[in-house]
Amino acid sequence: MPDNAAPPVCLTIGTSDSGGGAGIQGDIKALASVGCFTATVLAGLTAQNTTGVLSRHPVPVDFLRAQFDAVRADFDIRAVKVGTTWSAAHLLAIAELLADLAVPVVVDPVMVSAAGGALGGRDARAALIEALLPLADVLTPNVAEARLLTGDETSGPGELAQRLIGLGAPAVVVTSGGDGEDWFADGLTALRLDRPAHRTGAEHGAGCAHSALITGLRAHGLPLSQAVLEATALASGAVRDGLTSIGRGVHPVDVLGLPARAPGRATAV
Ligand SMILES: Nc1ncnc2c1ncn2[C@@H]1O[C@H](COP(=O)(O)OP(=O)(O)OP(=O)(O)O)[C@@H](O)[C@H]1O
Ligand SMILES: Cc1ncc(COP(=O)(O)O)c(N)n1
């Protein structure tokens with residue numbers, strides 16, 4: 001008999017953030033916050049903190065495959081997030097590995113960090129559009145990434161979302177960070193997602209949390225539109241509650257309510 005209380009397993013394919021706020025580390029926390037267990041496939045490592053990306057080290061594609069095979073052989077994966085993936089070779093391998101895994105795939109095409117460091121090569125653009133978009137459940141770029149992907153340097157998030165649908169994405173959320181205007185489109189509807197814009201300076205990891213939360217909520221079986229609305233509200237709350245005492249740059253978001261978990265503060269269950 002299926003155990004309905006068992007946490008669904010999600011897989012995140014992306015890159016380590018040594019600063020702990022974004023990337024794979026951010027994904028694990030965001031997925032845990034919505035009751036998911038997370039398996040990880042690393043495509044690369046960064047030497048990074050809240051002030052920026054200091055150094056980077058892609059993982060060889062063969063070793064990416066080995067991680068995927070190990071995880072796939074042992075877990076019932078319910079949803080996948082693809083984050084920072086570095087190169088066309090990594091993206092093509094990921095598309096091949098995911099081709100027969102019939103679960104929602106959330107693609108967050110990360111190319112720049114909140115603190116400004118480059119996180120991907122330009123050759124990745126064509127591979128992402130040709131190989132990964134056809135497998136995606138939803139694509140979640142920010143405005144800068146949507147402009148890079150479409151080559152449209154001037155349009156706002158609503159129009160960029162429509163353009164990405166035109167490039168083959170089945171659904172898109174274009175996020176606008178502190179500008180507060182995110183847009184959802186799925187080919188049938190286009191919707192502005194109203195949410196507050198918080199000025200806490202704690203946005204490091206917001207985009208990673210947002211796409212990981214959509215992934216986790218999809219793993220629980222929520223319809224895409226509901227998963228997007230809930231993830232938007234939760235990611236926005238994580239910026240509002242961000243950890244402004246941590247780091248000297250763009251502070252990390254907090255999806256877990258860490259201050260309330262300190263010894264003596266936690267509510268007894
Ligand atoms: N200043 C803010 N106030 C409220 N919510 C925010 C803020 N910044 C980010 N968010 C939340 O985080 C989500 C992602 O936002 P953002 O555009 O900053 O992502 P990003 O980090 O640029 O994305 P990517 O991972 O694609 O690089 C938004 O949908 C929103 O819910
Ligand atoms: C390894 C890695 N992946 C993704 C991001 C983007 O996160 P953000 O734009 O929220 O800083 C990052 N900074 N580092």
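Numbering of ligands and ligand atoms starts at 1, following listing order.
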Any donor-acceptor pair under 3.5 Å from H251 side chain to G247 backbone | yes
Main-chain N/O of R248 paired with T50 side-chain donor or acceptor, under 3.5 Å = yes
Out of R195, E145, H210, whose heavy atom sits nearest atom 30 (C) of ligand 1?
-> R195
Heteroatom distance test (G207, ligand 1): nitrogen or oxygen, under 3.5 angstrom | yes
Determine whether the side chains of D17 and H204 contain a donor N or O and an acceptor N or O closer than 3.5 Å.
-> yes
Look at the side chain of R56 and the backbone N and O of T46, then say whether any donor-acceptor pair between them is shorter than 3.5 Å.
-> no
Of the backbone atoms (N, CA, C, O) and the side-chain heavy atoms from C-beta on, which set of T140 has a member under 4.0 Å from an atom of ligand 1: side chain, backbone, both, or neither?
-> backbone
Test side-chain contact (heavy atoms from CB on, under 4.5 Å) applied to R218 and V228, L224, V138, the passing residue = L224
Record the part of Q48 in heavy-atom contact with ligand 2 below 4.0 Å; permitted values are side chain, backbone, both and neither.
-> side chain
Interfacing atoms of ligand 1 (cut-off 4.0 Å, heavy-atom, S176) | 17 (O)
Keeping the roles fixed (side chain from H198, backbone from A238), state whether a donor-acceptor pair exists under 3.5 Å.
-> no
Under 3.5 Å: N/O of V239 near N/O of ligand 1 | no
Quick one: look at E203 and ligand 1, take heavy-atom pairs under 4.0 Å, and tell me if it's side chain, backbone, both or neither.
-> side chain
Checking heavy atoms under 4.0 Å, the part of D108 that sits near ligand 1 is side chain
Heavy-atom contact under 4.0 Å between A209 and ligand 2?
-> no
Salt-bridged, R261 to D254, with N to O below 4.0 Å?
-> no
G205 near ligand 2, heavy-atom distance under 4.0 Å?
-> yes
Just by distance, do the side chain of S236 and the backbone of R195 share a donor-acceptor pair under 3.5 Å?
-> no
Indicate yes or no: does an N/O atom of T84 lie under 3.5 Å from an N/O atom of ligand 2?
-> yes
Please tabulate, for side-chain N and O atoms in residues 167-174, each donor-acceptor pair with protein atoms closer than 3.5 Å (sequence neighbours left out).
none

For E159 and G156, indicate whether the former's side chain and the latter's backbone hold a donor-acceptor pair under 3.5 Å.
-> no
For G14 and ligand 2, answer yes if some heavy atom of the residue is under 4.0 Å from a ligand atom, otherwise no.
-> no
Where ligand 1 meets T232 - atom numbers and elements under 4.0 angstrom, heavy-atom basis = 31 (O)
Which of the atoms in ligand 1, numbered in the order shown and given with their element, are less than 4.0 Å from a heavy-atom of C208?
-> 25 (O)
If we number the atoms of ligand 1 from 1 as shown, the ones under 4.0 Å from a heavy atom of P196 are 3 (N), 4 (C), 5 (N)
Which of the atoms in ligand 2, numbered in the order shown and given with their element, are less than 4.0 Å from a heavy-atom of H204?
-> 10 (O), 11 (O), 13 (N)
